[in-house]
Amino acid sequence: IHKSEFVTLNVYDVLGNEVAKVLDESKLAGSYDLEFNASGLSSGVYFYKIKTGSFIETKKMILLR
C-alpha cells in the first residue's frame with residue numbers, strides 16, 4: 001500500500017457472490033501478509049478484489065482440497 005488508506009479485500013465465487021470479507025479497515029503505508037481461512041469453501045475457482053482509494057484490482061485463484 002503506497003499511502004495510508006482504507007483497504008477492503010473480498011473473495012467472490014464464480015457467480016459473483018461475496019463468500020468472504022478478508023479485510024475491511026484502514027492500513028498504514030507498507031507491505032502486508034494476510035492469512036485467509038478457506039475452511040468453509042469448497043474446491044473451485046474464486047476471485048478476490050482489493051480496493052484502496054482509487055485502486056481496484058481483481059484476480060482469480062483456485063482452491064484445491
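Atom set for the values below is all heavy atoms of this structure, side chains included, hydrogens, waters and symmetry mates excluded.
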Review point. Does any pair with a residue in residues 40-54 pass side chain to side chain donor-acceptor pair (under 3.5 Å), and if so which ones, sequence neighbours excluded?
Key: none
Practice item. Nearest 0.5 Å please: distance from the CZ atom of Phe55 over to the CD1 atom of Ile1. Key: 10.0 Å
In residues 22-29, what donor-acceptor pairs under 3.5 Å come from side-chain atoms, sequence neighbours left out?
unit_1	atom_1	unit_2	atom_2	d
Glu25	OE2	Lys27	NZ	3.0

Practice item. State which residues pass side chain to side chain donor-acceptor pair (under 3.5 Å) with Ser39; sequence neighbours excluded, sorted by chain then number. Key: Asn37
Check your understanding: Among the clusters formed by ILVMFWY side chains lying less than 4.5 Å apart, do Val19 and Leu64 turn up in the same one?
Key -> no
Revision key, fill the gap. Here the salt bridge (charged side-chain N to carboxylate O under 4.0 Å, His left out) pairs for residues 54-65, sequence neighbours left out, are Glu57-Lys59
Review point. For the atom pair OG1 (Thr8) and CD1 (Ile56), what is the distance rounded to the nearest 0.5 Å?
Key: 8.0 Å
Exercise for review: Find out if a path of hydrophobic residues (ILVMFWY) with successive side-chain heavy-atom gaps under 4.5 Å connects Val45 to Met61.
Suggested key: no
Point to revise | Single-linkage hydrophobic cluster, 4.5 Å side-chain cutoff, Leu63 and Val14 together | key: no
Review point. Taking only residues two or more places apart in sequence or in another chain, which ones pass side-chain contact (heavy atoms from CB on, under 4.5 Å) with Glu18?
Key: Asn10, Tyr12, Lys21
Revision key, fill the gap. Here the pair of heavy atoms bringing Asp13 nearest to Phe47 is O-CD1, 4.2 Å
